[in-house]
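Input: a single structure, listed below in structure tokens.
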Amino acid sequence: MVRIAHYLNQFFAGIGGEDKADAPFEVREGAVGPGRAILLETGDDAEIVQTLVCGDNAFHAGTDAILDAIVATLAESKPDLLIAGPAFNAGRYGLACGAVCSAVSERLGIPSLTGVYPEAPAVDVYRSRVVMVPTGDSAAGMREAVASLVRVGLGLAAGKPLGPADEDGRIPMGYRKAVVTDVPAARRALDLLMAKLAGEPFLSEVALPKGAEPIPPAPAVADLSSAVIALVTDGGLVPEGNPDRIESSSATRWARYPVADLAGNHDPAFLSIHAGYDSQWVDADPNRLVPLDALQALAAEGVIGKVHEFFYATTGTGTTVTHAERMGEEIAKALISDGVHAVLVTST
Amino acid sequence: MRQPFRLDVHTVDIEDVHLGDTTTVEGGTLIVSTEEVAGLILEDPRIAAVDVEIAQPGDDVRIIGCLDAVEPRTKIGEGSVFPGFLGGMETVGTGETLRLGGVSVLASSRYPQPFSGLLQAREAVVDMAGPTSSLSPFGRVRNVVLAYTPNPEVENEDYDDAIRRSNLKVAEFLASRALGAPRSSTTTFDFSEQDPDLPNVVYFYQLQGQGQMADTYLYGKVIHNLVPTLMHPNEALDGALVCGVYVYGCYKNVTYLHQNNPIIWEMQARHGKDLNFAGVIINRGHNYTQEEKERSSRWAAKLAGFLEADGAVFTAEGGGNSAIDMMLAVQYMEKAGIKSVVVSSEAAGADGYDFPLFYTVPEADAIVSVGSEDEVFEMPKVAKVIGGDTLAVDGLPAEGPYSLKMYFQFCGTQQVGGNLLVGREH
């Protein structure tokens, strides 16, 4: 028999509405309110050992302490599963359910889930960390919501790995994973094409990105003759031996090296470890990738003020957007703190 | 494609493979003589030695260092399979061809000289049993593995040529031993009759042409200066295309998958019912400059227009750079009113949260996924490894266990649809 702990707000615990939203955290034995609907759905497969109740305002006023109390309570009672809600389209309640599930699953390793309306604010905040089933926008959808919570929840409690969100009947957590199919890609491709040609609705297996946020360019450099210019490359130029172990593809690391070392390209020699282009001409003369010679000539002529003492390098091939954004931000911060005015970025 | 161009592919299904004294096919069993096969191979002094091994589905075996896989085929009567490599120059795709169904000749080798830089043979593995056998289409195939040892004096480029020719030769030899065997089935590839009431569909078939170790051979020649070219689907099936792409294990099209290209087989099944198969446009993937990419993608769209295409299926080989070539072709075909569907590998990051495509155009609104190159899988300890003791990834002991990216699974997410994985949002 699966032992379930259940989280509810003051309204669903029968304490009262908005005027009772300050109701303090309490633990009740057994099932309360929607918990009874859960037991109707599970039949003899499960029991509700505890119901955790907290007013919505009280939860948000003292989140950390209440989460600690919940974790301590469940560390003691060791349920097999935590169900929070369903919260439907209630903003604060949904966020509380997300926070409780996140804390309990991450700190205790107890499978946890909640049910919310797919457009509720909790979805954006917790979808990547918390298992959620979609519900209607109000308690009118209680029966369906409970059925989904029980179906997915008992699977979690049994240790069943998550499958594709649409097959599981879950709100997608936002990550992609391969599954084995018995319909070959060629057949799926031709099915899609036939639908598209017939003007019928079709569903791409990969959705196109929403428009990327435009990044406004920095204002032009007012006086180039006094500007410090840095060299940045994603062409994988590193000292021989790759001391910072920058990956040759799918990079997660960047590093900076003194341009003084690069100037003569001697001991250690600089080489490209990039796995996405033929680097033999760069290895023969790294100025072809990181044009230090040309930039130093401009500095000598007084066209620019100075070449920054370090150049920055990573590898740009197969790099995920997440890591590319992070590394870009980290490099930009370092450049700004060093008083660099502009960068020359060379790619491959 | 109204010109008659008919190919009958006769299949002898193979239910078991084992080693024996004489190479024969009897009652659905392929018996391979190590002595005969090694004799053929060692005619070439660039190869020092070869181990002939059998790896079948269910065997507790891992094959490492996988390069190319070839389906045993031979022409019946006149002609040769793999012109440009075997026999004289001619075009293929007509007449009769015999294939051993469910068998591959799989080359496994390291190269004689150390590699540097981009263009090198990287690790590619196949597991024959358990859940990890689904990570390569060759986990479902009976593999005659040729584990080669190079002559240490030979340069990589030369050795590469040696094993390619050797593999093709052995594949042809094995099939030739089944000429007298009863045939399990025959599939006819003939697209000369076109129904004016059905939509015309072309196949945009992009092949990697990036340099030594990442090249596709068209009738024996690399495709570096190829402009998009019209090809009959039967030519692709009948040995006109040979793989030399060893840089990326997961999304390359080995020769076996050119011979058995699932898009072409699916088009064949639907020709005259759902669609008219209007032709194959091959394109070089990995053009270096934007100008070259614009040139070839616009050219491909122009050819599709000549073929009066209503729709097109797109597949590429490899990742980032090549995805741009393909996506631009999608864009120009869609702009010309030709509906597109793309089959693509993903790159969603190790945790799967990243945006999965290298490059997209707004017109590519129908994409079929074959899984992500970044996903990491737990490879169990196996009883036997073919192809060496050490993985060419961090020097790991090949028997396992270890975690391994899809990138190193042999054809795991190749994009003509040979494997059975699909990336799904979880």
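Order of the sequence lines fixes the chain letters, A, B, ..., with proteins taken first and strands second; residue numbering starts at 1 for each chain.
- When the heavy atoms of residues 314-321 of chain B are compared with those of chain A, none of the residues falls under 4.5 Å.
- Listed in order of number, the residues of residues 153-161 of chain A that approach chain B to under 4.5 Å between heavy atoms amount to none.
- Scanning both residues, A/Ala185 and B/Val370, for their nearest heavy atoms gives CB-CG1, 3.9 Å.
- Atom CD of A/Glu200 sits in a crowded spot, with more than 12 heavy atoms from other residues, nucleotides or ligands closer than 6.0 Å.
- When the shell of 6.0 Å around CD of B/Glu157 is examined, it contains 12 or fewer heavy atoms from other residues, nucleotides or ligands.
- Interface remark: A/Met194 contributes side-chain atoms only to the contact with chain B (heavy atom separation under 4.5 Å).
- When all heavy atoms of A/Leu190 and B/Val313 are compared, the pair lying nearest together is CD2-CG2, 4.0 Å.
- A/Glu240 meets the salt bridge (charged side-chain N to carboxylate O under 4.0 Å, His left out) test with no other residue; sequence neighbours excluded.
- With a 4.5 angstrom heavy-atom cutoff, B/Met406 does not touch chain A via any of its atoms.
- Across A/Lys196 and B/Ser340, no two heavy atoms sit closer than the pair NZ-O, 2.9 Å.
- Summarising the local packing, NZ of B/Lys339 is surrounded by 12 or fewer heavy atoms from other residues, nucleotides or ligands at distances under 6.0 Å.
- With a 4.5 Å cut-off on non-hydrogen atoms, B/Glu346 touches chain A through its side chain but not through its backbone.
- Only the side chain of B/Ser134 comes within less than 4.5 Å of a heavy atom in chain A; its backbone stays farther off.
- Counting heavy-atom pairs under 4.5 Å between each of A/Ile171, A/Ile273, A/Asp166 and chain B puts A/Asp166 at the top.
- For B/Val342, no part lies under 4.5 angstrom from a heavy atom of chain A.
- The shortest heavy-atom contact between B/Ala348 and A/Arg176 is CB-CB, 4.5 Å.
- Separation of atoms CG (A/Leu197) and CG (B/Asn200) is listed at 10.0 Å; rounding is to 0.5 Å.
- Of the atoms belonging to A/Arg170, it is side-chain heavy atoms, and not backbone ones, that fall under 4.5 Å from chain B.
- If you measure heavy-atom distances from B/Asn261 to chain A, you find no contacts under 4.5 Å at all.
- Contact annotation for B/Gln212: neither backbone nor side-chain heavy atoms come within less than 4.5 Å of a heavy atom of chain A.
- Interface residue B/Pro199: only side-chain heavy atoms are found under 4.5 Å from chain A.
- The parts of A/Thr181 that come within reach of chain B are both its backbone and its side chain, each placing non-hydrogen atoms under 4.5 angstrom from that chain.
- Comparing B/Ala350, B/Ser369, B/Pro262 by heavy-atom pairs within less than 4.5 Å of chain A, the highest count is held by B/Ser369.
- Interface remark: A/Ser248 contributes no atoms to any contact with chain B (heavy atom separation under 4.5 Å).
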Tell me, with the steps shown, if A/Ser204 and B/Ile367 meet side chain to side chain contact (heavy atoms under 4.5 Å, CB included). CA-CA 5 Å; A/Ser204 179; B/Ile367 298 169; 3.5 Å; yes

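- Of the listed residues (B/Ala269, B/Ala366, B/Pro362, B/Gly371), the one with the most heavy-atom contacts under 4.5 Å to chain A is B/Ala366.
- Taking chain B as the reference chain and counting heavy-atom pairs below 4.5 Å, the highest number among A/Val180, A/Asp182, A/Val179 is found for A/Val179.
- No salt bridge links B/Asp351 with A/Lys177; every basic N to acidic carboxylate O contact stays at or beyond 4.0 Å.
- Ranked by heavy-atom pairs shorter than 4.5 Å toward chain A, the options B/Ser372, B/Ser344, B/Pro356 are led by B/Pro356.
- A distance of 6.5 Å separates CG of A/Asp278 from OH of B/Tyr288, quoted to the nearest 0.5 Å.
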Can A/Val206 and B/Val368 be said to form a side chain to side chain contact (heavy atoms under 4.5 Å, CB included), step by step? CA-CA 7 Å; A/Val206 183; B/Val368 167; over 6 Å; no

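- Using a 4.5 Å cut-off between heavy atoms, B/Ala312 touches chain A through its backbone atoms (N, CA, C, O) alone.
- Most heavy-atom pairs under 4.5 Å with chain A, from the set B/Arg122, B/Gln120, B/Glu266, B/Gln210: that is B/Glu266.
- Side chain to side chain, B/Asp354 and A/Thr322 meet the donor-acceptor criterion of an N or O pair below 3.5 Å.
- The shortest non-hydrogen separation linking A/Ser250 to B/Asp374 is OG-OD1, 4.3 Å.
- When the heavy atoms of residues 411-426 of chain B are compared with those of chain A, the residues falling under 4.5 Å are B/Gly417, B/Leu420, B/Leu421, B/Val422, B/Gly423, B/Arg424, B/Glu425, B/His426, listed by number.
- For the set B/Leu275, B/Val343, B/Asp365, B/Ile263, the count of heavy-atom pairs under 4.5 angstrom toward chain A peaks at B/Asp365.
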